[in-house]
Amino acid sequence: MGLEFQVMTADIDEKSIRRENPDDLVMVLAEAKADAIMSRLNIDDYQKEGSQPTLLITSDIVYFHDIPDEVIKSLIDEGVVFRVAGGLLLEHPLTLPFVEAVVGSSDSVMGLSKEVANKLIHDALST
C-alpha cells in the first residue's frame with residue numbers, strides 16, 4: 001500500500017484492567033494500548049505546520065503451534081487459503097486446534113480489507 005509504518009506492542013497488563021460492561025472494557029483497553037504506544041513515539045512536534053500526520057492503527061496477534069505439513073496441504077487443496085486475509089482462517093476446524101494464543105480478539109485478527117483500510121486512512125488524514 002506504500003505506507004511507512006512501525007510495528008510496536010503496547011506491553012500493558014490487560015488482566016489488571018477490568019470493567020463490568022464489555023463495551024466499556026473494550027474501550028478502556030484500546031485507550032490504554034494507544035496511550036502506551038503513543039507515549040513511546042517521538043511525535044512531540046505533530047502539531048507543527050507542515051509536519052507529517054501520525055495515525056495509530058492497532059491489531060491483535062495470533063500465536064500458533066507448529067501446523068503439520070499434512071494439515072497445510074489439506075488447507076491448500078481445499079482452496080480456502082486463497083480467499084482469506086493472511087491465507088488462514090483462525091476458526092477453521094483444521095487450524096483451530098493449533099492456535100496457541102490470541103492476544104486481543106479474534107474479530108480484530110481478521111482485519112480490514114485493503115479498500116476499507118485505504119478509505120479509513122484517507123478519511124482520517126484529510127480531517
Side-chain angles (χ1 to χ4, degrees):
M1 291 173 57
L3 302 172
E4 183 182 326
F5 65 93
Q6 181 178 5
V7 177
M8 299 177 81
T9 59
D11 296 326
I12 64 168
D13 180 12
E14 292 186 40
K15 294 188 187 305
S16 70
I17 301 171
R18 294 287 135 228
R19 295 293 183 275
E20 240 353 89
N21 182 314
D23 292 337
D24 293 342
L25 177 61
V26 169
M27 292 304 296
V28 169
L29 285 172
E31 289 170 0
K33 289 177 181 182
D35 289 345
I37 291 171
M38 293 298 282
S39 71
R40 295 193 335 244
L41 293 174
N42 184 19
I43 55 170
D44 294 335
D45 60 349
Y46 72 95
Q47 291 183 333
K48 285 185 181 174
E49 184 83 24
S51 65
Q52 290 287 357
T54 298
L55 184 61
L56 179 64
I57 301 174
T58 63
S59 66
D60 294 327
I61 302 169
V62 179
Y63 294 98
F64 286 94
H65 297 287
D66 288 339
I67 300 175
D69 289 344
E70 59 271 9
V71 172
I72 294 171
K73 183 180 180 335
S74 295
L75 289 164
I76 291 170
D77 290 345
E78 185 180 290
V80 70
V81 295
F82 302 112
R83 299 186 305 272
V84 295
L88 200 58
L89 284 171
L90 176 66
E91 71 280 6
H92 193 285
L94 290 176
T95 56
L96 190 56
F98 301 101
V99 174
E100 181 178 343
V102 176
V103 179
S105 72
S106 58
D107 287 347
S108 65
V109 169
M110 294 176 196
L112 299 172
S113 70
K114 184 176 175 180
E115 180 181 314
V116 171
N118 267 331
K119 180 186 179 328
L120 292 171
I121 290 168
H122 180 287
D123 291 352
L125 295 177
S126 64
T127 57

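The first residue in the sequence is number 1, and the count goes up from there.
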Tell me the closest heavy-atom pair linking [X] and [Y], and the distance in Å.
{"X": "Val71", "Y": "Phe98", "answer": "CG2-CE1, 4.0 Å"}
{"X": "Ser39", "Y": "Ala36", "answer": "OG-O, 2.8 Å"}
{"X": "Asp123", "Y": "Lys119", "answer": "OD2-NZ, 2.6 Å"}
{"X": "Ile76", "Y": "Phe82", "answer": "O-CE1, 3.8 Å"}
{"X": "Val28", "Y": "Ile17", "answer": "CG1-CG2, 3.4 Å"}
{"X": "Ala10", "Y": "Arg40", "answer": "O-NH1, 3.6 Å"}

Report summary line: side-chain hydrogen bond (donor to acceptor under 3.5 Å, both in side chains) filter on Asp11, not counting sequence neighbours, yields Thr9

Please report the interatomic distance [atom1]([X]) to [atom2]([Y]), rounded to the nearest 0.5 Å.
{"X": "Leu96", "Y": "Phe64", "atom1": "CG", "atom2": "CZ", "value": "9.0 Å"}
{"X": "Asp24", "Y": "Arg18", "atom1": "CG", "atom2": "CZ", "value": "13.0 Å"}
{"X": "Asp77", "Y": "Glu70", "atom1": "CG", "atom2": "CD", "value": "12.0 Å"}

Query - Full working for side chain to side chain contact (heavy atoms under 4.5 Å, CB included) between His92 and Leu94 - result: CA-CA 5 Å; His92 193 285; Leu94 290 176; 3.4 Å; yes

Report task. Start with the C-alpha distance between Val99 and His65, add both sets of side-chain angles, then the distance that settles side chain to side chain contact (heavy atoms under 4.5 Å, CB included), and finish with yes or no. Result -> CA-CA 6 Å; Val99 174; His65 297 287; over 6 Å; no

Query - Over 12 non-hydrogen atoms of neighbours within 6.0 angstrom of CG in Asp13 - result: yes

Query raised in the report: Does a sphere of radius 6.0 Å around CE in Met8 hold more than 12 heavy atoms from other residues, nucleotides or ligands, not counting ones at 6.0 Å or beyond?
Result: yes

Query raised in the report: Hey, any chance Leu29 and Met27 share a hydrophobic cluster, counting ILVMFWY side chains that come within less than 4.5 Å of each other, even indirectly?
Result: no

**Report entry** Within one Ile-Leu-Val-Met-Phe-Trp-Tyr cluster: Val102 and Ile12, side-chain cutoff 4.5 Å
**Finding:** no

Report task. Dump the intermediate steps for side chain to side chain contact (heavy atoms under 4.5 Å, CB included) on Thr95 and Leu75, then the final yes or no. Result -> CA-CA 9 Å; Thr95 56; Leu75 289 164; 3.5 Å; yes

Requested in this report: For salt bridge (Lys or Arg N to Asp or Glu O under 4.0 Å), just list the numbers for Lys73 and Asp69, CA-CA rounded to whole Å, side-chain angles, deciding distance to a tenth of an Å, and then say yes or no.
Outcome: CA-CA 6 Å; Lys73 183 180 180 335; Asp69 289 344; over 6 Å; no

